[in-house]
Engineer: 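I have a structure I would like to understand better, so I am pasting it below and will then ask my questions one at a time.
One-based numbering, in listed order, for ligands and for the atoms of each. Side-chain atoms are counted along with the backbone in the values below, which use heavy atoms only and exclude waters and symmetry mates. What you are looking at is a predicted structure, and each value in this text was computed from that prediction instead of being measured.
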Amino acid sequence: MEIKLMKNILSANDEIAALNRKMFAERGIVVMNLMGSPGSGKTTLLEQTLSKLVGKIRVAVIEGDLFTAKDAERIERLGVEVIQINTAGGCHLDAAMIQKACVSLNLDALDLLIVENVGNLVCPAEFDIGENFKAVVLSITEGDDKPLKYPLIFKESSATVLNKIDLLPFTNFDLQSARTDLTTLHPTIKIFETSCTKGTGLDDWTQWLLGKVTR
Ligand code: MG
Ligand code: ZN
């Protein structure tokens with residue numbers, strides 16, 4: 001019973017996601033669905049990334065959050081257009097939420113739309129929102145066991161950003177083991193090592209993102 005209901009919810013979502021994808025393609029917009037646990041550094045990565053992209057491409061952000069506008073306010077401070085979605089406790093964004101948020105955006109004036117999903121390694125990966133690609137932020141403090149424990153999100157993502165890499169010496173995170181697991185799950189996944197507070201590794205990541213847009 002529950003399985004059937006979940007299947008129906010997902011197929012209804014997929015229909016709206018397909019409409020979103022068509023709308024983005026017609027406008028020539030590339031859309032990234034950025035996922036990761038709470039505290040992995042998604043918003044900090046976004047702040048750093050946006051500061052490098054502003055002036056090069058036209059970018060806007062949709063911020064998914066359970067209850068607050070804290071992350072959206074951080075993005076707004078950079079002068080980037082941001083739409084806030086509060087899920088009122090919902091643990092992921094779905095295609096209908098994105099469809100609704102896009103009404104408030106001038107899509108014709110954009111090259112890239114970045115969606116920061118709700119902090120969660122599980123169901124954001126199950127809900128297609130019409131994005132072109134997904135990326136997942138995994139911070140060093142979360143542990144190197146996460147790719148195998150939450151395989152779907154890593155299989156679905158074109159890139160993994162290993163964030164807080166500066167904390168590596170203070171943890172038992174096994175970088176080689178994490179890289180091996182990621183590549184076993186998803187042989188073509190791109191892996192970036194960043195520290196958003198120290199500013200390291202961000203150029204490679206940003207270049208990769210720019211390549212996605214200008215291709
Ligand atoms: Mg955030
Ligand atoms: Zn959820």
Side-chain angles (χ1 to χ4, degrees), residues 2-17 20 31-53 59-101 112-131 134-142 146 149-157 159-165 167 192 194-197 199 202 205-206 209:
E2 251 177 48
I3 290 174
K4 189 164 182 230
L5 181 63
M6 191 62 188
K7 270 190 181 155
N8 289 343
I9 289 172
L10 284 173
S11 72
N13 182 74
D14 283 350
E15 284 174 25
I16 302 171
N20 288 350
V31 181
M32 173 170 72
N33 183 358
L34 185 65
M35 306 176 295
S37 297
S40 57
K42 296 182 296 301
T43 311
T44 311
L45 177 68
L46 259 185
E47 287 175 314
Q48 295 284 352
T49 306
L50 290 168
S51 66
K52 291 177 186 294
L53 293 180
V59 55
V61 173
I62 293 177
E63 274 290 340
D65 196 283
L66 294 167
F67 298 107
T68 77
K70 286 180 184 297
D71 290 353
E73 285 159 8
R74 289 169 61 185
I75 302 302
E76 207 158 42
R77 265 177 235 138
L78 299 168
V80 171
E81 186 175 14
V82 54
I83 306 291
Q84 172 74 46
I85 298 175
N86 279 129
T87 59
C91 48
H92 59 269
L93 295 177
D94 65 29
M97 294 175 193
I98 299 302
Q99 186 183 47
K100 195 170 161 221
L112 174 67
L113 176 61
I114 302 177
V115 179
E116 181 183 337
N117 216 309
V118 177
N120 180 345
L121 285 178
V122 186
C123 43
E126 293 169 2
F127 283 81
D128 185 2
I129 56 174
E131 75 279 323
K134 297 180 170 83
V136 56
V137 183
L138 172 65
S139 58
I140 295 304
T141 48
E142 290 170 69
K146 295 305 173 288
K149 288 179 86 166
Y150 300 93
L152 181 66
I153 200 163
F154 297 96
K155 283 182 186 169
E156 285 276 318
S157 293
T160 295
V161 178
L162 295 173
N163 192 30
K164 309 188 189 180
I165 199 76
L167 299 182
F192 298 95
T194 64
S195 164
C196 292
T197 53
L202 293 162
W205 156 253
T206 311
L209 201 50

Engineer: Is it true that Thr194 and Asn163 share a donor-acceptor pair across their side chains at a distance under 3.5 Å?
Structural biologist: yes
Engineer: Between Glu142 and Leu121, does the side-chain contact (heavy atoms from CB on, under 4.5 Å) criterion hold? Intermediate values first, please.
Structural biologist: CA-CA 11 Å; Glu142 290 170 69; Leu121 285 178; 4.1 Å; yes
Engineer: Has Thr43 got an N, O or S atom lying less than 2.8 Å from the Mg ion (ligand 1)?
Structural biologist: yes
Engineer: Nearest to the Mg ion (ligand 1), which N, O or S atom of Asp71 do we find?
Structural biologist: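 Atom name of the closest N, O or S in Asp71: OD2.
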Engineer: If you round to the nearest 0.5 Å, how far is CG of Leu45 from CG of Leu34?
Structural biologist: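 So the gap between those two atoms works out to 6.0 Å.
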Engineer: If you consider just the N/O/S atoms, which atom of His92 is the closest one to the Zn ion (ligand 2)?
Structural biologist: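 Within His92, restricted to N, O or S, the Zn ion (ligand 2) is closest to atom ND1.
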Engineer: I'd like to know if the Mg ion (ligand 1) has an N/O/S atom from Glu116 within less than 2.8 Å of it, counting both backbone and side-chain atoms.
Structural biologist: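 It does; at least one qualifying atom falls short of 2.8 Å.
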Engineer: Using the Zn ion (ligand 2) as the apex, give the angle to atoms SG (Cys91) and SG (Cys123), rounded to 10 degrees.
Structural biologist: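 Here the angle at the metal atom is close to 110°, to 10°.
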Engineer: Would you please classify the geometry between the Phe127 ring and the His92 ring as parallel, tilted or perpendicular, with 30° and 60° separating the classes?
Structural biologist: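 The rings of His92 and Phe127 lie parallel, inter-plane angle below 30°.
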Engineer: Between Asn13 and Ala95, what is the shortest heavy-atom contact and its length?
Structural biologist: OD1-N, 2.8 Å
